[in-house]
Amino acid sequence: MVAKKVGPEPDDKSWRECTECQRPAPPRSWHCKICKVCILKRDHHCIYTGCCIGLKNHRFFMGFIFYLFVGSVYALVYNSIYMWIIQGHIYSNWLTLLKLACPMLLLVTGGFWSNMYLLFYSLNVLALAYGVLLLGYHVPIVLRGGVSADRTQESKRRYDKGVRQNLRSVFGDRMHIAWLSPLIRSDLPDDGYHWSPSSSHEKTESD
Ligand SMILES: [Zn+2]
Ligand SMILES: [Zn+2]
């Protein structure tokens, strides 16, 4: 993750000097003010895992949000069966909808346990909504071979080498099974220090 020891080739102009680390930093690396170090292929600093998402852990972050989505769908199905079918005589009414829309009502109406279930149900819906939001934001970025930090249209497509290759650069050589478990080893094709722009990008540059 950390840009150390490896330096630029003498004729390599793609490296820059990180003013914070006071050493050369490779392309696509970025200095994180919280981690206090340059991160290779930095995507963003994740407040949930408390670390930067970059070259080596991008795959695990994507797994984290994918399984957040899968887990909350799974929980919502079972919670919905319990609330609306098995305990339908308690929850299938307008007051429940009102409580879900305005959770403050949970403090003033109904029994403790029925309200507790409603609270967990609301959290479940929120977790699912958040999972969808995160996937909707991060999946297109991975598919186009970029990182969240890309701001311009030019930088967003700079390393786009086609969906298959872009997925491989995040999930590694064994990308077909790597998403199943973080314990499956899957080597990345890039070392994080040497990057070449996509061929279409090189073409536009030379035009
Ligand atoms: Zn730095
Ligand atoms: Zn960081």
Side-chain angles (χ1 to χ4, degrees), residues 1-72 126-127 129-161 165-175 178-179 181-198 201 205:
M1 281 304 278
V2 180
K4 272 183 188 169
K5 290 174 189 165
V6 185
E9 301 294 322
D11 56 342
D12 193 347
K13 300 264 190 301
S14 61
W15 288 52
R16 63 191 169 81
E17 184 77 18
C18 175
T19 50
E20 306 276 339
C21 301
Q22 298 192 338
R23 66 176 69 191
R28 307 195 83 184
S29 71
W30 206 248
H31 188 88
C32 175
K33 285 194 162 63
I34 302 165
C35 300
K36 295 187 170 60
V37 74
C38 276
I39 306 291
L40 294 177
K41 198 193 170 195
R42 182 171 183 267
D43 190 83
H44 69 287
H45 184 91
C46 175
I47 53 169
Y48 301 104
T49 56
C51 67
C52 261
I53 305 304
L55 180 79
K56 299 277 170 122
N57 61 358
H58 203 172
R59 161 194 164 190
F60 303 116
F61 174 75
M62 293 307 291
F64 162 57
I65 57 175
F66 173 67
Y67 283 105
L68 169 70
F69 171 75
V70 172
S72 42
L126 271 180
Y130 200 53
V132 170
L133 210 73
L134 285 173
L135 279 178
Y137 179 76
H138 285 282
V139 168
I141 292 174
V142 167
L143 292 179
R144 69 162 189 258
V147 289
S148 310
D150 295 329
R151 287 289 170 261
T152 61
Q153 285 304 319
E154 185 259 348
S155 65
K156 281 178 182 172
R157 292 281 172 196
R158 191 172 172 81
Y159 299 101
D160 186 354
K161 296 186 173 164
Q165 196 54 37
N166 295 342
L167 283 172
R168 178 167 280 122
S169 75
V170 170
F171 293 94
D173 291 337
R174 299 168 78 193
M175 62 176 181
W179 58 276
S181 163
L183 300 177
I184 295 172
R185 186 177 166 168
S186 184
D187 295 328
L188 294 173
D190 309 293
D191 66 355
Y193 296 95
H194 306 92
W195 298 99
S196 54
S198 62
H201 192 88
E205 268 184 348

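Owing to the predicted nature of the structure, the values given are computational and were not obtained by experimental measurement. Numbering starts at 1 and runs along the sequence shown. When a ligand or atom number is given, it counts from 1 through the structure's own listing order.
Look at Cys51 and the Zn ion (ligand 2): no N/O/S atom of the residue is under 2.8 Å from the metal.
The Zn ion (ligand 2) sits nearest to atom ND1 when only the N, O or S atoms of His45 are considered.
Taking the six-membered ring where tryptophan is involved, the planes of Tyr48 and Tyr130 are perpendicular, since the angle between them exceeds 60° and thus also 30°.
Using a 4.5 Å cut-off on side-chain heavy atoms (C-beta onward), Asp43 and His138 make contact. Between Val142 and His58, some side-chain heavy-atom pair lies under the 4.5 Å cut-off.
The side chain to side chain contact (heavy atoms under 4.5 Å, CB included) test applied to Trp195 returns Pro27, Arg28, Lys41, Leu55, Tyr159, Asp190, not counting sequence neighbours. With sequence neighbours excluded, the residues that form a side chain to side chain contact (heavy atoms under 4.5 Å, CB included) with Thr152 are Glu154, Ser155. When the side chain to side chain contact (heavy atoms under 4.5 Å, CB included) test is applied to Ile34, the partners found at least two apart in sequence or on another chain are Cys32, His45.
More than 12 heavy atoms of other residues, nucleotides or ligands sit less than 6.0 Å from atom CD of Glu17.
Excluding water, every protein N/O/S atom under 2.8 Å from the Zn ion (ligand 1) is given here by residue and atom: Cys18 SG, Cys21 SG, His31 ND1, Cys38 SG.
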